[in-house]
Amino acid sequence: MNVGLLSHPAEEVAPKLLGSVLTCETPEGTVGIVITETEAYSGTADPASHAYRGRTPRNAVMFGPAGHLYVYRSHGLHWCANVVTGTEGLASAVLIRAGRVIEGEDLARERRGEKVESPRLARGPGNFCQALGVTAEHNGAGLLTGGPVLLSEGEPVSDALIRTGPRVGVSKAHDWQHRFFLAGDPTVSAYRLSPRARPSAGA
């Protein structure tokens with residue numbers, strides 16, 4: 001994986017990340033997950049983005065440079081991982097929504113629960129981070145520099161397998177077609193419309 005691939009707007013990078021692999025090395029071991037579902041979030045033009053109202057200490061990583069990890073806490077419960085994309089100074093990131101564990105499945109199951117079925121180990125952004133072992137300490141980590149979290153190219157994905165749809169669980173700009181996923185893959189999360197969602201204009 002090279003930074004050139006990531007140096008584009010989130011909605012262009014998000015489908016290209018499908019089939020890529022995120023690997024996280026921790027003292028407990030290493031887990032690797034193939035990405036099967038993503039969502040694109042832009043900056044001040046995207047009402048659903050954390051950067052919509054400008055730069056803050058919380059969202060600073062989103063403003064670049066590309067190739068870093070933006071990690072945030074969702075609803076005070078789950079960590080969520082985003083790949084920072086685009087041009088430095090302009091917020092842009094791709095939320096990793098789901099994936100298929102290809103390395104360290106036993107460790108991923110220890111983290112998620114012994115009874116969790118394999119397709120569900122990393123289904124949903126919170127479960128993805130839990131299985132991978134990503135937490136707040138990885139916020140800002142370089143994904144291309146050989147650190148504990150690494151983004152690498154996987155097997156090529158045919159364009160015919162890529163589907164798009166509205167974003168999951170957000171109340172603003174939920175109907176933007178910025179969700180990308182692999183058709184028929186059992187690890188892809190179910191679509192859920194936020195009860196607070198309202199029709200919106202946008203991309």
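Values below: every heavy atom of this structure, side chains too, minus hydrogens, waters and symmetry copies.
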When you measure from the side chain of [X] to the backbone of [Y], do you find a donor-acceptor pair of N or O atoms at a distance under 3.5 Å?
X      : Y      : result
Arg123 : Pro186 : yes
Thr38  : Ala14  : yes
Asn127 : Leu121 : no
Arg167 : Ala173 : yes
Asn59  : Thr56  : yes
Gln177 : Asp175 : yes

Closest approach of [X] and [Y], non-hydrogen atoms and distance?
X      : Y      : answer
Leu182 : Val188 : O-CG2, 3.7 Å
Ile33  : Ala131 : CD1-CB, 4.3 Å
Ala10  : Ala93  : CB-O, 3.5 Å
Val134 : Cys24  : CG2-SG, 4.2 Å
Pro65  : His68  : O-ND1, 3.3 Å
Leu95  : Cys80  : CD1-CB, 4.0 Å

**Request:** Tell me, with the steps shown, if Glu103 and Thr30 meet side-chain hydrogen bond (donor to acceptor under 3.5 Å, both in side chains).
**Result:** CA-CA 7 Å; Glu103 180 182 359; Thr30 300; 4.9 Å; no
Determine, using the 4.5 Å side-chain heavy-atom cutoff (strictly less than), whether [X] and [Y] are members of one ILVMFWY cluster.
X      : Y      : result
Leu17  : Val157 : yes
Leu107 : Val116 : yes
Trp79  : Leu143 : yes
Val71  : Met62  : no
Ile35  : Leu132 : yes

Is it the case that atom [atom1] in [X] sees more than 12 heavy atoms from other parts of the structure closer than 6.0 Å?
X      : atom1 : value
Arg53  : CZ    : no
Arg120 : CZ    : no
Asp159 : CG    : no

Taking the side chain as C-beta and beyond, is there a heavy-atom pair between [X] and [Y] under 4.5 Å?
X      : Y      : answer
Leu22  : Leu150 : no
Val21  : Ile102 : yes
Arg100 : Asp185 : yes
Leu144 : Leu6   : yes
Arg97  : Phe128 : no
Leu69  : Leu151 : no

**Asked** Can you tell me if Ser92 and Ser42 form a side-chain donor-acceptor pair at under 3.5 Å?
**Response**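 No donor-acceptor contact under 3.5 Å links the two side chains.
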**Asked** In terms of side-chain heavy atoms, does Ser189 have a donor or acceptor partner in Glu37 at a distance below 3.5 Å?
**Response**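 Yes, Glu37 and Ser189 have a side-chain donor paired with an acceptor closer than 3.5 Å.
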Measure the spacing between [atom1] of [X] and [atom2] of [Y] and express it to the nearest 0.5 Å.
X      : Y      : atom1 : atom2 : result
Asp106 : Glu114 : CG    : CD    : 8.0 Å
Glu11  : Tyr41  : CD    : OH    : 12.5 Å
Glu110 : Gln130 : CD    : CD    : 12.0 Å

**Item:** Criterion side-chain contact (heavy atoms from CB on, under 4.5 Å) on Ser20 and Met1, from CA distance to verdict
**Value:** CA-CA 9 Å; Ser20 299; Met1 184 68 66; 3.4 Å; yes
**Request:** Report yes or no: is the cationic atom of Arg179 (NZ for Lys, CZ for Arg) closer than 6.0 Å to the six-membered ring centre of Tyr191, at no more than 45° off its axis?
**Result:** no
**Message:** Can you list everything that forms a ring-ring contact (aromatic ring centres under 6.0 Å, His included) with His50? Sequence neighbours excluded, please.
**Reply:**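 Partners of His50 by the ring-ring contact (aromatic ring centres under 6.0 Å, His included) criterion, ordered by chain and then number, come out as Tyr70, Tyr72.
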**Request:** Go through the structure and list residues passing ring-ring contact (aromatic ring centres under 6.0 Å, His included) with Phe181, not counting sequence neighbours.
**Result:** none
**Message:** With salt bridge (Lys or Arg N to Asp or Glu O under 4.0 Å) as the criterion, how do Lys16 and Glu12 come out once you've worked through the C-alpha distance, each side chain's angles and the decisive distance to 0.1 Å?
**Reply:** CA-CA 7 Å; Lys16 296 178 181 178; Glu12 295 180 19; 5.3 Å; no
**Aromatic ring pairing His178/Phe180, orientation class (parallel under 30°, perpendicular over 60°, tilted between)** = parallel
**Request:** Take Asn139 and Val61 through the side-chain contact (heavy atoms from CB on, under 4.5 Å) test and state the conclusion after the steps.
**Result:** CA-CA 8 Å; Asn139 186 44; Val61 176; 3.8 Å; yes
**Asked** Considering the options Glu137, Arg111, His138, which one meets the side chain to side chain donor-acceptor pair (under 3.5 Å) requirement together with Thr26?
**Response**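 Result for side chain to side chain donor-acceptor pair (under 3.5 Å) with Thr26: Arg111.
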**Request:** Check each of Leu5, Thr85, Val83, Val84 against Val13 using the side chain to side chain contact (heavy atoms under 4.5 Å, CB included) test, and report the only one that passes.
**Result:** Thr85
